[in-house]
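Report on the structure given below.
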Amino acid sequence: MALTKEQIAQRIARELKDGFYVNLGIGIPTLVANYIPEGINVVLQSENGLLGMGPFPFEGEEDPDLINAGKQTITTVPGSAFFDSAMSFGMIRAGKVDLTVLGAMEVSEEGDIANWKIPGKMVKGMGGAMDLVASAKNIIVAMMHSNPKGESKLLPRCTLPLTGVKCVKKIITDMAVLDVTDKGFKLLERAPGVSVDDIKARTSGKLIIEGDIPEIQF
Amino acid sequence: MALTKEQIAQRIARELKDGFYVNLGIGIPTLVANYIPEGINVVLQSENGLLGMGPFPFEGEEDPDLINAGKQTITTVPGSAFFDSAMSFGMIRAGKVDLTVLGAMEVSEEGDIANWKIPGKMVKGMGGAMDLVASAKNIIVAMMHSNPKGESKLLPRCTLPLTGVKCVKKIITDMAVLDVTDKGFKLLERAPGVSVDDIKARTSGKLIIEGDIPEIQF
Amino acid sequence: MNKVVADANEAIHDIQDGAILMLGGFGLCGIPEKCIAALVAKGVMQLTCISNNAGIDDFGVGLMLRQKQVKKMISSYVGENAEFERQLLSGELEVELIPQGTLATRCMAAGYGMPAVYTPAGVGTEVAEGKEVRHFNGKDYLLEYAFQADFAIVKAWKGDTDGNLIYKETARNFNPLMAMAGKTTIAEVEELVPAGKLDPDAIHTPGIYVHRIFQGTGYEKRIEQKTVRKKHP
Amino acid sequence: MNKVVADANEAIHDIQDGAILMLGGFGLCGIPEKCIAALVAKGVMQLTCISNNAGIDDFGVGLMLRQKQVKKMISSYVGENAEFERQLLSGELEVELIPQGTLATRCMAAGYGMPAVYTPAGVGTEVAEGKEVRHFNGKDYLLEYAFQADFAIVKAWKGDTDGNLIYKETARNFNPLMAMAGKTTIAEVEELVPAGKLDPDAIHTPGIYVHRIFQGTGYEKRIEQKTVRKKHP
């Protein structure tokens, strides 16, 4: 059975290491914060100018001056720091953020990503996505394996306007965990009950399958 | 009679306008702070990271964390702000400092300045001088008209290694006040009792004399 | 030297049709509410607005859009605004979308007297079209120019009569960067105090960058997306 | 994630001969006294030191110079140091003098992930020799590269266990810039507090930039030029 969004987030959370500074994008990536493993301390960066993002505030305790990059009201944790947007993207560009998790419309087998624009539709803008993907040293994409029409989002080449080139390192979808390698998408794990053939059928970019592919354990 | 260093500083102080942000170099320029005219408010910038520099502290009240660019213990005035060296030179480069006063070994008739290096002697470094002269929109040089050997410091071309090119706007020496113009040093005022001929004799760069040259009044 | 003005109307009195403005804020957080209201009241037209977002239909920069005061928006993200979308699709409004970090850095560059900066954001995408690409240490970068703005309009938490500013939490965002970048910088603050009352070590924007300052009253500070969690009983 | 180390010796334990170091401070103000003492005790040699100044004969970076630990100084001003002068004239020591603003900006560039920056400082002088000159808006600028340093060693006033730093007065100077620029950044502080005790709005260096931190004791904070005025009776 394909993973739920929560399960995708839960699986991504296993990629976190103690002491990581992490930037989580809007959508599934945001959920990762709910599954940080015991004993692992990570600091969440929000590119609008915060290190040490905490959970949503309690009802009635929202602070209009305290939001995340998705414009949601949030809180801080002890040890947090505020800074301006130039320093925020400065630390991203300088590789100080250890892991960036974001969503995508398409990823190519070379690690290109498209997630900001659909020709013919109203374009809202790239926000900080282009800065993040151009700079982050470790990018995990969290997304559904197929789009709502059932077409693969893992492609030989992206068909949509790019957000960044050769930057995605790992993809975690509802069907599988894959590394982006020089030779294509390397299948690492599969969702419980999802077969390698299912994944093959839904992956239009080059898929590398070596040996036995274990199921993701929950 | 030639001006004293204090009188040079006093004359320079008349160039200050209300609301000016001013950077004063080491030596005579520092003395300018003692002669700020009544009713004129200026804010002193120290390039090591301070706006709102005040006078020296009272004996026993020195603070090792509070120095000026000459490494002297100082104080602050109300409304002061501290910042790092990048922002300090950032505001200088961006033209936010209204006036820079500094000393020089030589100034050319085109406004080039040399004040950091004498070949054959130990070179201590340019400090912030190159940044200041390359960026400031309004630079006044405070210096003696001649060097200790009696040679003019106002030259057709500088003989010493340059600090900056075509940047000096005005020169106030012990003998005269001069503007640096497209056509050379334009004599504006002379020290009390110093004749135009005296100044001519001590100025090796092109000197422009138009009409009557008034004495500096004290 | 008197930087203090009575109110937003006085602060923006010389902003004319066709001006290039920078407006601080991220979403509706840390936006100069009072100056936006004054610009709407004044009805100044044909503005170019450099602002990370375009507000919503009935708040923020959206209020100026509704009156068609804006000729061009330079932003990183302009969603959440139906009137904006209508004007854009009808060709009434011009939009330049640029990466958020590039936007921030181009403001900072202006304030720091750097004519241009290099950033990798947008390399290999349509953002790079027509831009100079340069290779440093194994990576490509785009040359991006410092912004030139007639007025920067920012919102701070506290300010003093010398123009020193302190921002609160994530309401800082673009405000200190734009404050450095305006030919004329206008700051509206929630609390204006006499010079000397703010801790000089805690100031985010030194007064040298600020030309006019006033204390706004009755800040709405609207929340764009209220998200909360339940208190455990 | 534990950034707290016991003392300067532990903080610098893996600095090896030939390392490139950045050392914060302006003159003797805001220098990492404790780490300098530990580097002297460790006797690590052949260092490249990026530091605005070179200390005096018996304090600051001068202590390392006295032991001939420094191969190369990269500074803007190196006066007030007789041993420095002797080593320089005898050819034992290499010195690269660069404008102070360029030094600061090249540190910031590293911390902000900008490979190079443009500055007008030094155009038309010997500093420009061999450098790329570029014309922007009627003015010439030099292309200057971001520094690469193995270790940045900084001194702050207060710090917390997450590495957040606050500097005092003009002891800030180069410290926050270098803190951003080191591959490994070591911070020594006068007061170390638990995470959460510092005001998040008042932090100058966010902890993400700091890898090791410790509280120094018995700071000397020597004054280089004591200048005072008389109290009016």
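Residue numbers begin at 1 in each chain, while the letters A, B, ... track the order of the sequences. Only a predicted model underlies this, so the values are computations on that prediction, with no experimental measurement involved.
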Does NZ belonging to B:Lys206 count more than 12 external heavy atoms closer than 6.0 Å?
-> no
Contact origin within B:Val97 toward chain C - heavy atom pairs under 4.5 Å = both
Measure distances from C:Ala110 to the heavy atoms of chain B and classify the residue's part below 4.5 Å as side chain, backbone, both or neither.
-> backbone
Taking atom NZ of B:Lys186 as the centre, report whether more than 12 heavy atoms of other residues, nucleotides or ligands fall under 6.0 Å from it.
-> no
Would you mind checking which part of C:Leu198 comes under 4.5 Å of any heavy atom in chain B, side chain (CB onward), backbone (N, CA, C, O), both or neither?
-> neither
B:Lys17, NZ atom: more than 12 neighbouring heavy atoms under 6.0 Å = no
Hey, does B:Met87 have a side-chain heavy atom less than 4.5 Å from the side chain of C:Pro206?
-> yes
Which atoms of C:Lys197 approach chain B - backbone, side chain, both or neither, heavy atom under 4.5 Å | neither
Between C:Ala195, C:Gly196, C:Pro200, which has the largest tally of heavy atom pairs under 4.5 Å with chain B?
-> C:Pro200
Residues, nucleotides or ligands: over 12 heavy atoms within 6.0 Å of C:Asp14 CG | yes
Are more than 12 heavy atoms from other residues, nucleotides or ligands located less than 6.0 Å from atom CZ of B:Arg157?
-> no
Below 4.5 Å from any heavy atom of chain B, which atoms of C:Met108 appear? Answer side chain, backbone, both or neither.
-> neither
Heavy atoms of other groups near B:Lys166 NZ, more than 12 under 6.0 Å = no
Closest approach of B:Phe82 to C:Asp201 (non-hydrogen atoms, all atoms of both residues) = CD1-OD1, 3.3 Å
Minimum heavy-atom separation for C:Ile208 to B:Lys96, with atom names?
-> CD1-O, 3.5 Å
Are the side chain of C:Asn164 and the backbone of B:Gly79 linked by a donor-acceptor contact shorter than 3.5 Å?
-> yes
Would you find more than 12 non-hydrogen atoms of other residues, nucleotides or ligands less than 6.0 Å from C:Lys183 atom NZ?
-> yes
Partner chain C: residue of B:Gly95, B:Ser135, B:Ala86 with the largest heavy-atom pair count (under 4.5 Å) | B:Ala86
